[in-house]
Trainee: 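For reference, the structure I am asking about is given below.
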Amino acid sequence: MPITAHEIEALIRAEFPDARITVQGDDGAHFAAEVVDASFAGKNRVQQQRAVYAALKGKMDGSNGELHALALTTRAPD
């Protein structure tokens, strides 16, 4: 069953409840997300993105993952 943008946002929101999160995409496999959260302050981009991928709880794991591609932008608030 394909994953939805709403489901991706809910998974990320569970780990980053105060974040500003935008998820776009409607084909069930390819999405783009922006996550802006204060917890990213002082972390490099790789550390930020690893934290978001961890929040997806394996949805991108291997060829059996529900989520095929996620273009991810992360940053701390200005």
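Residues: numbered from 1 along the sequence shown.
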Trainee: Does the side-chain contact (heavy atoms from CB on, under 4.5 Å) test come out yes or no for H30 and Q24, once each step is laid out?
Mentor: CA-CA 9 Å; H30 302 87; Q24 298 176 332; over 6 Å; no
Trainee: Who passes side chain to side chain donor-acceptor pair (under 3.5 Å) against E15, sequence neighbours left out?
Mentor: K57
Trainee: According to the side chain to side chain donor-acceptor pair (under 3.5 Å) rule, which pairs have a member within residues 38-52, sequence neighbours left out?
Mentor: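 Output for this query lists D37-S39, Q48-T74.
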Trainee: Kindly give the heavy-atom pair with the smallest separation between A76 and A41, and that separation in Å.
Mentor: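 Nearest pair, atom of A76 first, then A41: CB-N, 3.7 Å.
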Trainee: Output the distance between atom CG (L56) and atom CD1 (I3), rounded to the nearest 0.5 Å.
Mentor: 7.0 Å
Trainee: Report whether V52 and V36 are members of the same hydrophobic cluster (ILVMFWY, side-chain heavy atoms less than 4.5 Å apart, transitive linking).
Mentor: no
Trainee: Okay, side chain of R13, backbone of D18: is any donor-acceptor separation there less than 3.5 Å?
Mentor: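 No: the side chain of R13 does not pair with the backbone of D18.
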Trainee: How many angstroms lie between OH in Y53 and CG in L70, if you round to the nearest 0.5 Å?
Mentor: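 So the OH of Y53 and the CG of L70 are separated by 5.0 Å.
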Trainee: For the residue pair A14 and P17, what are the closest heavy atoms and their distance?
Mentor: O-CD, 4.4 Å
Trainee: Which heavy atom in F31 sits nearest to a heavy atom in A5, and how many Å separate them?
Mentor: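 Smallest heavy-atom distance, with atoms named: CE2-N, 3.6 Å.
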Trainee: Partners of T73 by side-chain contact (heavy atoms from CB on, under 4.5 Å), sequence neighbours excluded?
Mentor: E34
